[in-house]
Amino acid sequence: MTYPDLNMLIAGQWRKGSENTGEEVINPATGTPLAILPHASSTDLDEALDAAQTGFETWRRIQPHERAEILRRAANLLRERREHIATILTLEQGKTITEARAEVSSAADYTEWFAEEGRRSYGRIIASRESETEYQVRKHPVGVSLSMTPWNFPINTPSRKIAAGLAAGCAIIAKAAEETPASAVEYVRAIHDAGVPAGAIQLVFGVPDQVSRHLMASPVIRKVSFTGSIPVGKHIAALAAGNMQRATMELGGHAPVVVFDDIDLDRVLDVAIEGKLRNAGQVCVSPTRFYVQENVYNAFVEGFVSRAKARRIGNGLEAATQMGPLANTRRLDAMDTFVADAEKSGARILTGGARQGNEGFYYPPTVIADAPDSSMVMTEEPFGPIAPITSFTDIDDVCSRANALQFGLAGYAFTQSLSRAREISERLETGMIGLNTCTISLPETPFAGCKESGYGIEGASEGLEPYLVTRTTGQRMAA
Ligand code: NAD
């Protein structure tokens with residue numbers, strides 16, 4: 001299986017950039033180049049903006065029922081092409097082939113979900129105070145929407161934004177992650193092949209800040225949806241505010257995991273290690289700060305370390321691999337910085353803690369015990385296979401520490417007690433909570449954060465709303 005030749009989709013044409021600029025895409029399992037990714041020039045971006053305006057006028061006039069059929073066709077194409085796309089995804093991103101297959105299936109499921117939801121964006125009639133008059137409320141697509149997505153879920157994250165926007169009748173310009181472009185290319189190819197008209201779906205790459213500034217400066221762009229880090233999210237949100245563009249911000253997290261002492265320890269350890277090491281920890285909802293109640297602390301740490309050591313690390317394309325490499329060298333450097341700071345702060349590194357080998361970007365599962373709450377690994381998003389574990393006394397103690405940060409994306413708790421489960425789910429300041437599970441995100445469930453983790457909702461019936469404007473028409477029966 002070879003990695004594909006990479007192109008952008010502009011005004012219905014798969015093509016390179018007009019100025020022949022670009023960058024290498026690297027295979028994180030080997031550190032070797034896979035392909036050259038073309039970049040869009042300013043002229044290419046202007047062409048995309050013009051085409052999006054025309055594409056929007058065409059697409060919005062297609063009835064929701066027909067739009068749904070086209071999107072369902074795209075979902076089926078993704079399923080037919082799953083093996084091919086999953087292999088490409090693992091080649092460029094590193095995750096295991098099993099995770100890559102699941103991600104492609106999830107992208108298909110999001111596409112199908114929004115195909116259906118688009119048919120259900122109803123308006124309503126409101127009774128007037130006068131007998132001759134009525135008020136109609138209608139939903140209209142917001143316009144051309146810009147989707148900007150990162151490298152950790154290179155097909156699933158674009159699918160949430162692109163399918164929702166198209167289902168609502170918007171045109172989409174997607175700027176996907178330059179480090180993992182082919183997965184997004186394959187997603188957009190399925191949408192294009194299914195029959196979405198030229199201009200209604202386009203895909204560009206480039207220098208992220210140049211592309212986002214250029215596109216967002218245009219009055220054609222009416223909405224922006226960004227997934228990525230908090231600092232970049234704040235920058236994009238400020239640009240959007242300057243142009244009064246709608247914005248959805250899915251930013252980072254630092255999810256607390258509260259483990260009470262009334263649990264089935266082995267089961268919880270199995271769930272926790274799977275959750276922690278999914279995509280080598282490069283997940284915004286990854287369980288990242290483990291608070292374990294005093295009575296079970298030592299046993300939890302011991303069980304976590306033995307499971308971490310048993311993990312098989314290797315090339316994601318090999319069937320036996322349980323965890324692939326990190327996606328890029330920035331993450332390797334970041335892991336070293338977290339570990340060095342933890343050591344300096346007096347924490348114990350119980351396993352891992354240093355890069356593995358020189359070929360590829362491998363970093364082993366790393367367990368850190370007794371990291372102070374003020375240490376870097378407890379206060380900054382690790383975005384890697386690092387698990388800091390600390391102990392707590394009671395629910396007041398753990399809630400105040402878990403809620404002390406500005407992150408508010410996901411949180412987890414493990415307990416057999418209904419009352420503890422209820423109390424913790426009310427007190428953790430996060431947009432999503434997993435109780436006795438690390439599975440919290442499906443096409444039919446709202447994905448959203450609070451505090452500095454962002455605003456706006458993706459997925460679920462709520463995920464369509466950001467792409468719609470609500471228009472009220474007051475109508476008197478006679479002129
Ligand atoms: P980064 O902040 O440089 O980039 C994150 C993403 O934003 C990338 O896809 C990048 O291409 C894009 N980006 C950066 N500047 C942009 C701009 N001006 N306009 C548009 N897009 C822009 O960080 P990184 O080194 O790639 O990743 C490190 C951190 O990012 C992680 O520690 C994590 O906190 C965060 N991150 C979060 C998510 C998420 O799902 N919320 C995904 C990836 C990365």
Side-chain angles (χ1 to χ4, degrees), residues 28-29 94-96 98-99 152 253-259 263-283 285-293 296-316 318-327 331-343 345-357 360-372 375-378 380-392 410 412 414 434 436-439:
K95 66 181 62 175
T96 66
T98 309
E99 288 186 44
N152 58 337
H254 201 340
V257 187
V258 179
V259 181
I263 41 137
D264 172 344
L265 185 64
D266 278 328
R267 188 196 159 265
V268 172
L269 281 165
D270 288 344
V271 173
I273 197 89
E274 284 305 322
K276 174 67 250 179
L277 298 183
R278 182 164 76 106
N279 198 12
Q282 301 162 116
V283 181
V285 294
S286 180
T288 43
R289 289 180 282 154
F290 290 84
Y291 297 95
V292 182
Q293 203 158 17
V296 289
Y297 178 67
N298 287 335
F300 185 91
V301 170
E302 197 182 307
F304 204 95
V305 169
S306 70
R307 281 164 176 79
K309 282 183 173 163
R311 216 68 189 170
R312 286 188 302 274
I313 303 165
N315 188 321
E318 285 159 21
T321 297
Q322 293 176 305
M323 191 182 100
L326 301 191
R331 295 320 310 145
L332 287 178
D333 297 342
M335 295 310 109
D336 283 343
T337 309
F338 280 117
V339 169
D341 178 84
E343 274 176 328
S345 69
R348 294 178 291 137
I349 316 300
L350 300 180
T351 184
R355 181 179 180 175
Q356 192 172 300
F361 311 146
Y362 295 98
Y363 205 93
T366 297
V367 182
I368 302 180
D370 310 330
S375 63
M376 197 178 154
V377 74
M378 292 297 281
E380 293 181 26
E381 182 177 25
F383 226 66
I386 293 189
I389 311 178
T390 185
S391 64
F392 74 92
Y412 304 90
F414 293 87
N436 299 326
T437 178
C438 285
T439 306

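Just so it is clear, the model here is predicted, and its values are computed rather than measured.
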Is any side-chain heavy atom of L265 closer than 4.5 Å to a side-chain heavy atom of L269? yes

Does H254 reach the main-chain N or O of V377 with its side chain, forming a donor-acceptor pair under 3.5 Å? yes

Do the charged groups of R307 and E274 touch, with an N to O distance under 4.0 Å? no

For a 4.5 angstrom cut-off between non-hydrogen side-chain atoms, does T288 reach E381? no

Check whether any side-chain heavy atom of M378 sits under 4.5 Å from a side-chain heavy atom of T390, and report yes or no. yes

Can you confirm whether R331 sits close enough to F383 that some side-chain heavy atom of one is under 4.5 Å from a side-chain heavy atom of the other? yes

Please examine the side chains of V257 and K276, heavy atoms only from C-beta on, and report whether any two atoms are closer than 4.5 Å. no

Check whether T321 reaches the backbone of G324 with its side chain - one donor and one acceptor, N or O, closer than 3.5 Å. no

Does the ring center of F392 lie less than 6.0 Å from the ring center of Y297? no

With no hydrogens and no angle check, is any side-chain donor or acceptor of E343 less than 3.5 Å from a backbone partner on R348? no

Heavy-atom side-chain proximity of M323 to P365 below 4.5 angstrom: yes

Taking side chain as C-beta onward, heavy atoms only, is T366 less than 4.5 Å from I368? yes

Flag the pair V339 / I386 as yes when at least one side-chain heavy-atom distance between them is below 4.5 Å, and no otherwise. yes

Among side-chain atoms of N315 and Y362, is any donor-acceptor pair under 3.5 angstrom? no

Which heavy atom of D336 sits nearest to which heavy atom of R355, and what is that distance? OD1-N, 4.4 Å

